[in-house]
Amino acid sequence: MRLKVLVDLPRHSRLDPLLDYLAPEAWPAGTLVRVPLGRREVCGIVWGPGDEAASPDGEGAAVALREIAQVLDALPPLGEAWRRLAAFAAGYYQRSLGEVALGALPPDLRELDATQLARRLRRSDKLDRDAAKAAASPSADPAVAAPLPEPSAEQREVLAQLAAMPPGPVLLFGATGSGKTEVYLREAARVLEAGGQVLVLVPEINLTPQLEARFAARFPGRRLVSLHSGLTPAQRLQGWLAAHLGRADLVLGTRMAIFAPLPRLGLIVIDEEHDPSYKQQEGARYSARDLAVWRGRSEGVPVLLGSATPSLESWHNALPAAEGGAGRYRRLDMPARIGGGALPRVRTVDLARIAAQFGKRAVYSQPLAPPLVDAMRERLERGEQSLVLLNRRGYAPVLHCTSCGWKSDCAHCSAWRVFHRSDRTLRCHHCGFSERVPFACPSCGDPDLQPMGRGTERLEEQIAELLPGARIGRIDADTTRHKGSLESQLAQVHDGEIDVLVGTQMVAKGHDFRRMTLVAAVQADAALFSSDFRAPERLFALLMQAGGRAGRDAELAGRSEIWLQTWHAAHPLYAALRRHDYPAFAAAQLLERESAAMPPYAFQALLRAEARSQQAACAFLDAVSAATLDWPEAAEVLIFPPVPAPIQRVADVERAQMLLEASSRQALHRLLARWQPVLAEAAAGTGEARILRWALDVDPLSI
DNA sequence: AGCACGCCGACT
DNA sequence: GTCGGCGTGCTC
């Protein structure tokens, strides 16, 4: 008999990834198999009965069907709900079903034959028995575990409302330190009690250990596994197996974990739901948060989205229709900090006024204005810590020649090479091209090359001059390149070995610094006038999140401050920030978005193309745009003209993009569905005009 | 995507 | 005379 088997045939292959194979018996859908494909043998998933009709191609030359090579029937089939999720994700994000479904499996699993699988399953059995034994041992007795913290009145109220609610997405809007995690834990306890599995998603691997520790401490008898790309392939497979076999009660992971098969799924928690890391930025560009909401509805399971600064999409979804929102989610608010800790005071330094008072030099040559330096000096004297955020690593973003105007451009990209003083290199952050800093200008020979602008390395140096005696540390992608170095540097901060920490936004997320009473953002303004319409939203989230680092310690909370240096002190974003008023900020942003017909009031897709020449990339985009001219599917979709990508050339490849916008998701998807084969066809050219890569990004986060 | 086949430049 | 560059084509 014939079975339809799904294999990982990528996106624009003109072949359907659902292939017919011969099998001696009807294995159920979801069964993992190994099948011959061309000259190799690949992993496949049985998707259903095959076409018993003559030829799989429909007409003409019959294809000789081949036999399934092996059936991995030691593993339970992937369930119906899981297959629905994969199919939805593939359809929504316009990728091949095979790519999405097979790509959601641990890479190791796809390589295993039946014998190897049996061995892994035996190891999984043993792990399971060990875990059960550990759970039963006296040391893990729940009675001995730390007593449950008494929930605050606010938490009790939220929990009561959650208990009374029908299943559906809930936006938990709570300030940093308001105890959202306690709500997750209580909800998880309820679901575990009822025999369910809980899936918890966090934005970054860095944040898993902390949350893992809290869940492990609260549920000592329960099996908890994590799923993220930082695990070894074997660990990832074991975690996945534990989830799929229903042995893991709690699954904690990054966006990839949204595809974990969970036969007893009872709750999905998305922590920091606004975080852009939930959107995959290559391959199948899915949003784990949006898929979580879909999965929750599909499986009849509650979804808890937590944030102090929700995405405007979620905020809009949680706003009742009567208030102009979509009314799709329920919203629960937790405004107060636990332990009555005050929210940090927000202080804006008006650079225009500083320039008038201290002279232009004080503003342009010094990274920190005098009042901010004074405030940091006070912290230093009291033995407290300060954090200075600057979202740009390296010493200076560009080096230039004072006599001929040469700048350190990259030979392969339309970008500057960044001056890294520590190893005296000029490095392109886009293609990796790196060279020692030249002794003299490569263009005119003048040895006087000067750094322009400021990165974290230089900021660190300049702060050392402004605050003599202060112990200064720096955390960015350069100082945390080696495994474990982020942890050890964070430990230094915790142990009080650092007075002032300089860092990029990676330090703003999730880390809890007890003695940090000042957080300063040095170059906040850039986001106010960015061409990216989501920049203000990200800035607001970053500053609130960074502010959350300050004043975690209730006794110090009273003098915790967030400092902003700005030329636009009166900007409404800063005004809302001073009041910690996210709802006002969101209302203003939504009004702007609505009047400009932008998300969440419009639905977007971005078609990106890469070619040897900008002209070839644009020609492709123009051609596929023109193809839709007389389509009824295109009537409600606005297709903008092609434009060069924000970084036009990377590693000698030219990039262009084209935006699509529609007022309804359905209209956009009707066009995309018909468009897909046209794109594949148009990209198939040869020679210099050939398209190297193209990708469709549905709901793009940055344009 | 893999993995073949296929047709032109620098090596044992 | 071969080894190997990656352009083009196929996979139930």
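Predicted model, so just to flag it, every value in this text is computed and none were measured. Convention: sequence-line order gives letters A, B, ...; per-chain numbering from 1.
Pairs passing the salt bridge (charged side-chain N to carboxylate O under 4.0 Å, His left out) check and including a residue from residues 22-35 of chain A, sequence neighbours excluded, read A:Arg34-A:Glu41. Sorted by first and then second residue, the side-chain hydrogen bond (donor to acceptor under 3.5 Å, both in side chains) pairs with a member in residues 74-89 of chain A read A:Glu80-A:Arg84, A:Arg84-A:Ser298; sequence neighbours excluded.
As rounded to whole Å, 13 Å separates atom C1' of C:dG9 from atom CZ of A:Arg690. As rounded to whole Å, 13 Å separates atom C1' of B:dC3 from atom CG of A:Leu9. Separating the CG atom of A:Asp20 from the C1' atom of C:dT11 is a distance of 14 Å, rounded to the nearest angstrom. To the nearest angstrom, C1' of C:dC12 lies 15 Å from CG of A:Asp8. In this structure, A:Leu37 places its CG atom 13 Å from P of B:dA4, rounding to the nearest Å. In this entry the distance linking CD of A:Glu99 with P of C:dT11 reads 21 Å, nearest Å. Atom-to-atom, CZ of A:Arg693 to C1' of B:dA1 comes out at 13 Å; the value is rounded to the nearest Å. A:Tyr21 has its OH atom 11 Å from the P atom of C:dT11, to the nearest Å.
A close approach under 4.0 Å does not occur between any side-chain nitrogen or oxygen of A:Arg39 and OP1 or OP2 of B:dA4.
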Can you give the donor-acceptor pairs under 3.5 Å from side chains of residues 65-75 of chain A to other protein atoms, not counting sequence neighbours?
{"from": "A:Arg66", "atom 1": "NH1", "to": "A:Gly38", "atom 2": "O", "distance (Å)": "3.0"}
{"from": "A:Gln70", "atom 1": "OE1", "to": "A:Ala114", "atom 2": "N", "distance (Å)": "2.7"}

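Listed by chain and residue number, A:Glu313 satisfy the salt bridge (charged side-chain N to carboxylate O under 4.0 Å, His left out) test with A:Arg534 (two or more places apart in sequence, or in another chain). Applying the salt bridge (charged side-chain N to carboxylate O under 4.0 Å, His left out) criterion to A:Arg655, with sequence neighbours excluded, gives no partner residue.
Few gaps surround CD on A:Gln281; more than 12 heavy atoms of other groups in view lie less than 6.0 Å from it.
Counting any heavy atom pair closer than 4.0 Å across all strands shown, A:Arg40 reaches a base atom.
Within residues 101-111 of chain A, no residue approaches DNA chain B, by heavy-atom distance under 4.0 Å.
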